[in-house]
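Side chains are part of it too, since the values below use all heavy atoms of this structure and drop only hydrogens, waters and symmetry mates.
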Amino acid sequence: MSVILDVLRVLGILFLTCRAFGAEVPTPITCTTRGADLTDVRVVVSCPSNCVIQQLSLFGSGVYASVSSVCGAAIHRGVITESGGTLKVHRLPGRENYISSIAHGVRSQTLSKWTASFTVSRSLSQPMEVSGQPSTTALPGPGPGPGPGKIKTKTTGLMLKKILKKNPKKNFHNGSKDCQVDIALLLDSSYNIGQRRFNLQKNFVSKLAMMLRIGPEGPHVGVVQISENPKTEFYLKNFTQPKNVISAIKEMAFKGGNTNTGKALGLTVDSFFSAEHGVRRGFPRAAVVFVDGWPSDDLEEVATRARESGINVFLVSVAKPALEELGMVQDRNFVQKAVCRDNGFFSLSMPSWFGTNKYIKPLAQKICSADQMVCSRTCYNSVNLGFLIDGSSSIGDGNFRLVLEFLASIASAFEISDVGARMGTVQFTYDQRLEMDFNDHMEKEAALEALRGIRYMSGGTATGDAITYTVSNLFRPRTSGKNFLVVITDGQSYDDVRGPAMAAHAEGITVFSVGVAWAPLDDLRAMASEPKQGHTFFTREFSGLGQFQETIVRGICRDFTEAQY
């Protein structure tokens, strides 16, 4: 009898201990179960998986209004992941000022006042996780296998084996010569995406790297993290094999903070694509930007700079904002403003990070379509820039040097090289002299030095003949690229300028006319392309030429851009 009593006593202690530590059998609830739907002061519940992809109502941070989703609150608090799990719910009195925040990929909203509240905490039946710490092994996702926040490390290896099996004769170690692109991948690492979806994103990008077939002679890839304070994880020159890129992506830690996409793109424009960091001359540049939800900052200004720098911006948007979230979006047209060209080619939309394999190949094909990367060719790296310089005796050697310095300041704005912009010059009096052909100097400094070193001719002024000579001897041998001619003169031409200027326009040459001192306005307008007011400039003094430099450069870029449409 005493033995039975002892057993009952032990069982009672164990029962009381379990009750004391909350090890009750959890009550299953749905994703939309609210705190107000639970009647007990304290209760252990079990949430299903994939609640985040539903439209959940959530108000507060830490303490939530009872009208909020319990499972949504638990994910927001970090008590469970998107795979679901068990948790404790503790009812509390109502309060004022429920605060909004973004945490673990879930955004809560503000609420001024509600009649009841609740908090959530871990149940003893659920293993503890360290919030915000990245997992070291890969693929998050529901179902059997690795648990929440885990990545299947063998996925990319199996993909490589399949590619090699299908193409046994191809050398994949050198990379795909059909995809010679320098690529910056901008990964969302903000609170908007959260730790688990961040891991899903890393897995997606790892598969993309395999599909692109990275290699020394193929595409090169670097990564920038988008967060409160964006960070370059690695540059183009750091890794040239897929396995090394994938390993580096795997080791990336989740950062959190706001989704400062504009700031991250600015970092990419200013410092990522440089020779120092491995950018290759003549290769298209692409920035593939991943945004989960929406950016916290502005994209328009920096996207313009990206286009002007020759960067093709692709934007992959995931989990678009719900109707009730649109008020939080700073600019609803951020995709259209960010991309290289708003024609559908440079954007890709995915509903969530689940089931994304079908999007990998279409995205890779876009990135490798060099012929459609229209932002690779900009006014700064694609134009043929001709200068027609008056060397007549009325100018004088001192003013002639001012003219050369003015033209050098215009040329300095362009990327003169063997794969970039070209510069050529003709000096004229009654005669003409080809000072520099478009192919004479393929380096910018050498071209500028040659321009500044032109010897002053002195003589009469035959501007019409000079235009005809320039069209025939400078522009006609070179047919590729958009052609621009800046004519600078200080006086009346002894011959007709209208006919030669019209012939130049018919050849597709855009003419800017710059007059000084006694240059007649009628001649300047006759030489200039349409609209005349945007291509004609005049100053009384040679010292006043500098005021036109920025306007002419912008005018060349304007005309170049309009010609692309």
Original post:
Which pairs count as salt bridge (charged side-chain N to carboxylate O under 4.0 Å, His left out) when at least one residue sits in residues 346-356, sequence neighbours excluded?
Top reply: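 Sorted result for residues 346-356: empty, none.
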**OP:** Quick one: which residue pairs count as a salt bridge (charged side-chain N to carboxylate O under 4.0 Å, His left out) with a foot in residues 254-279, not counting sequence neighbours?
**Re:**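 Passing the test, one end in residues 254-279: Asp270-Arg305.
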[X]-[Y] side chain donor-acceptor pair, cut-off 3.5 Å:
{"X": "Tyr64", "Y": "His76", "answer": "yes"}
{"X": "Ser83", "Y": "Arg196", "answer": "yes"}
{"X": "Ser190", "Y": "Thr259", "answer": "yes"}
{"X": "Asn384", "Y": "Lys482", "answer": "no"}
{"X": "Tyr98", "Y": "Ser117", "answer": "yes"}
{"X": "Thr33", "Y": "Thr30", "answer": "yes"}
{"X": "His535", "Y": "Asp559", "answer": "yes"}

**OP:** Measure the acute angle between the ring planes of Trp353 and Phe204, then classify it against the limits of 30° and 60° as parallel, tilted or perpendicular.
**Re:**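 Trp353 vs Phe204 ring planes: perpendicular.
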Original post:
What orientation do Phe239 and Phe234 show, parallel under 30°, tilted 30 to 60°, or perpendicular over 60°?
Top reply: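 Perpendicular, since the angle between the ring planes exceeds 60°.
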Nearest 0.5 Å, please: how far is [atom2] in [Y] from [atom1] in [X]?
{"X": "Ile75", "Y": "Ser69", "atom1": "CD1", "atom2": "OG", "result": "7.5 Å"}
{"X": "Asp178", "Y": "Gln365", "atom1": "CG", "atom2": "CD", "result": "12.0 Å"}
{"X": "Leu38", "Y": "Arg91", "atom1": "CG", "atom2": "CZ", "result": "8.5 Å"}
{"X": "Thr510", "Y": "Leu385", "atom1": "OG1", "atom2": "CG", "result": "11.5 Å"}

Please examine the side chains of [Y] and [X], heavy atoms only from C-beta on, and report whether any two atoms are closer than 4.5 Å.
{"X": "Leu92", "Y": "Val63", "result": "yes"}
{"X": "Asp331", "Y": "Lys337", "result": "yes"}
{"X": "Leu186", "Y": "Leu265", "result": "yes"}
{"X": "Ser189", "Y": "Ile193", "result": "no"}
{"X": "Lys202", "Y": "Asn199", "result": "yes"}
{"X": "Ser382", "Y": "Phe560", "result": "yes"}
{"X": "Phe198", "Y": "Met252", "result": "yes"}

Original post:
Can we say the SG-SG distance for Cys340 and Cys375 is below 2.5 Å?
Top reply: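 Cysteines Cys340 and Cys375 qualify as a disulfide pair, their SG atoms being under 2.5 Å apart.
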Original post:
Does the pair Cys31/Cys47 show an SG-SG distance of less than 2.5 angstrom?
Top reply: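 No; the two sulfurs sit 2.5 Å or more apart.
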Side chain of [X], backbone of [Y]: donor and acceptor closer than 3.5 Å?
{"X": "Lys250", "Y": "Val245", "result": "no"}
{"X": "Asn381", "Y": "Ser376", "result": "yes"}
{"X": "Arg213", "Y": "Ala209", "result": "no"}
{"X": "Asp342", "Y": "Gln336", "result": "no"}
{"X": "Arg197", "Y": "Asn192", "result": "yes"}
{"X": "Ser271", "Y": "Leu267", "result": "yes"}
{"X": "Glu233", "Y": "Val223", "result": "no"}
{"X": "Lys88", "Y": "Arg122", "result": "no"}
{"X": "Gln201", "Y": "Asp188", "result": "yes"}

Considering residues, nucleotides and ligands other than [X], do more than 12 of their heavy atoms fall under 6.0 Å from its [atom1]?
{"X": "Lys231", "atom1": "NZ", "result": "no"}
{"X": "Lys361", "atom1": "NZ", "result": "no"}
{"X": "Glu550", "atom1": "CD", "result": "no"}
{"X": "Phe512", "atom1": "CZ", "result": "yes"}

Original post:
Looking at Phe345, does the NZ or CZ of Lys366 lie under 6.0 angstrom from its six-membered ring centre and within 45 degrees of the ring axis?
Top reply: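 Yes - Lys366 lies over the ring of Phe345, closer than 6.0 Å to its centre and within 45° of its axis.
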Original post:
Do NZ/NE/NH1/NH2 and the carboxylate oxygens of Arg285 and Asp182 come within less than 4.0 Å?
Top reply: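 No, Arg285 and Asp182 are not salt-bridged.
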